[in-house]
Amino acid sequence: MSPDTLSTPVVETAKAAPDRARSRAQAARRRKAIVFAVRVLLLVAVLGLWEGLSRAKVIDPFNFSMPSKIWDQIWTWVTHGTALGPLGEQIWYTLYEALLGWVIGVIAGVVFGIALGRISFLADVLGPYIKVLNSIPRIVLAPIFVIWFGLGASSKVASAVVLVFFPVFFNAFQGAREVDRNLVANARILGASDRRVTLQVVIPSATSWIFTSLHVSFGFALIGAIVGEYIGATKGIGLLVAQSQGTFNAAGVYAAMVILAVVALAAEGLLTFAERRIFRWKPSDSDS
């Protein structure tokens with residue numbers, strides 16, 4: 001058999017590899033387009049059914065409102081403002097409270113999670129207290145925070161912090177415990193101190209665990225801010241919900257929920273983008 005005959009399959013394989021890659025990329029794009037189209041169709045179907053049932057009085061339009069009225073309410077808030085002031089000001093105020101509470105809760109959760117994950121004695125001492133605090137329904141703390149810190153942003157930030165802290169803490173704690181022991185042992189053999197092991201081995205290994213909790217925790221931060229505003233505030237989306245409920249304006253309640261959903265989706269998109277930039281080495285779902 002000649003060398004040219006042997007090299008032919010290798011050349012054909014090399015030429016086929018880019019074709020397979022292009023086929024996978026095209027299949028991934030088609031799947032994304034189909035998924036997006038189905039999502040849009042599902043949303044349109046649900047909204048259309050809701051609108052039709054409300055107009056036909058099958059469901060009470062006073063209590064359940066209808067998508068057209070919800071859109072009119074959002075448009076009125078956008079163009080003419082709310083009873084509390086411009087809509088953008090209310091969104092920013094709620095977002096500021098949620099962001100500040102989220103940042104504080106994430107930092108505290110990561111620090112305590114890594115510390116207790118690395119120091120067994122500290123985990124043994126503080127573990128029961130953390131479990132007790134985690135078992136408390138944290139939403140009920142919002143009225144207490146309003147009493148302690150008043151109607152300003154501080155009480156809403158505190159509500160957001162207690163909701164964010166625990167999911168981040170438990171993920172960081174588990175991530176620190178799941179670090180490959182061989183990596184830690186090799187780092188120690190090379191002369192790394194406890195501080196360098198924590199900073200250069202444990203925290204990078206636990207980063208994926210921590211990022212997993214960030215997606216959920218920002219939603220919790222929004223919940224904390226909204227609940228705090230609903231109980232007592234001077235402005236914010238939660239206060240818009242409370243006022244709409246007080247005037248039996250179902251469209252206003254739903255409109256505020258839609259605005260919150262848009263804010264939450266935007267934050268989720270930013271977190272996903274940041275995660276993909278940081279974890280470029282991880283294969284995406286479409287690549288598998």
Side-chain angles (χ1 to χ4, degrees), residues 43 46-47 50-51 53-54 59-106 136-167 216-268:
L43 179 62
V46 171
L47 294 179
W50 183 2
E51 182 80 17
L53 293 177
S54 295
I59 59 176
D60 188 357
F62 180 79
N63 292 324
F64 293 93
S65 190
M66 59 184 68
S68 58
K69 289 185 177 180
I70 296 170
W71 172 251
D72 290 341
Q73 181 67 79
I74 294 175
W75 183 250
T76 299
W77 283 346
V78 170
T79 55
H80 299 95
T82 70
L84 306 173
L87 178 62
E89 182 181 349
Q90 313 310 313
I91 296 174
W92 168 244
Y93 193 73
T94 299
L95 191 58
Y96 162 76
E97 296 166 344
L99 279 173
L100 185 56
W102 181 71
V103 170
I104 295 173
V106 166
I136 298 174
R138 289 178 289 281
I139 290 296
V140 303
L141 296 176
I144 298 176
F145 291 145
V146 170
I147 295 173
W148 286 356
F149 304 116
L151 298 179
S154 299
S155 57
K156 288 70 180 175
V157 171
S159 299
V161 168
V162 297
L163 287 175
V164 169
F165 172 82
F166 287 98
V216 179
S217 61
F218 186 78
F220 287 162
L222 276 175
I223 291 172
I226 292 299
V227 170
E229 291 173 350
Y230 184 85
I231 293 172
T234 57
K235 53 186 172 180
I237 300 298
L239 185 56
L240 279 180
V241 173
Q243 288 187 342
S244 298
Q245 181 191 19
T247 57
F248 298 98
N249 180 11
V253 175
Y254 287 118
M257 292 170 61
V258 170
I259 293 169
L260 286 174
V262 171
V263 172
L265 287 175
E268 173 68 17

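Because the structure is predicted, anything quoted here is derived from the model rather than measured.
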The criterion is ring pair (Phe, Tyr, Trp, His ring centres under 6.0 Å); which residues satisfy it with Tyr254, sequence neighbours excluded?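 By the ring pair (Phe, Tyr, Trp, His ring centres under 6.0 Å) rule, Tyr254 matches Trp50.
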Taking all non-hydrogen atoms of both residues into account, name the closest pair between [X] and [Y] and its distance.
X	Y	result
Ser65	Ala251	OG-CB, 3.4 Å
Gly236	Leu84	O-CD1, 4.0 Å
Ser159	Phe145	OG-CD1, 3.5 Å
Ala98	Ala221	O-CB, 3.5 Å

I'd like to know whether Val162 forms a side-chain contact (heavy atoms from CB on, under 4.5 Å) with Ile136, so could you lay out the CA-CA distance, the side-chain angles of the two residues, the decisive distance to 0.1 Å, and finally the verdict. CA-CA 11 Å; Val162 297; Ile136 298 174; over 6 Å; no
Working to the nearest 0.5 angstrom, can you tell me the gap between [X] [atom1] and [Y] [atom2]?
X	Y	atom1	atom2	result
Leu260	Leu265	CG	CG	11.0 Å
Leu100	Ile104	CG	CD1	4.0 Å
Thr76	Gln73	OG1	CD	5.5 Å
Met66	Ile59	CE	CD1	8.0 Å

Sequence neighbours excluded and cut-off under 3.5 Å, please list the side-chain donor-acceptor pairs for residues 224-232, or say none.
from	atom 1	to	atom 2	distance (Å)
Glu229	OE1	Thr94	OG1	3.0
Glu229	OE1	Ile237	N	3.2
Glu229	OE1	Gly238	N	2.7
Glu229	OE2	Thr94	OG1	2.9
Tyr230	OH	Gln245	OE1	2.1
Tyr230	OH	Gln245	NE2	3.3

From the list Leu141, Ile144, Val146, side-chain contact (heavy atoms from CB on, under 4.5 Å) with Ser155 holds only for Val146
Would you please test Leu240 and Trp77 for side-chain contact (heavy atoms from CB on, under 4.5 Å) and show each step? CA-CA 11 Å; Leu240 279 180; Trp77 283 346; 4.3 Å; yes
Can you find a heavy atom in the side chain of [X] that is under 4.5 Å from one in the side chain of [Y]?
X	Y	result
Thr82	Gln243	no
Val164	Val106	yes
Gln90	Ile259	no

Can you name the residues that form a side-chain hydrogen bond (donor to acceptor under 3.5 Å, both in side chains) with Glu51, not counting sequence neighbours? Arg55, Ser68
Quick one: do Ile139 and Leu163 satisfy side-chain contact (heavy atoms from CB on, under 4.5 Å)? Show the steps, please. CA-CA 8 Å; Ile139 290 296; Leu163 287 175; 4.0 Å; yes
Residue among Tyr96, Phe218, Phe165 satisfying ring-ring contact (aromatic ring centres under 6.0 Å, His included) with Trp102: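 The ring-ring contact (aromatic ring centres under 6.0 Å, His included) with Trp102 is passed solely by Phe218 among Tyr96, Phe218, Phe165.
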May I have the step-by-step check of side-chain contact (heavy atoms from CB on, under 4.5 Å) for Val157 and Phe149, ending in yes or no? CA-CA 10 Å; Val157 171; Phe149 304 116; over 6 Å; no
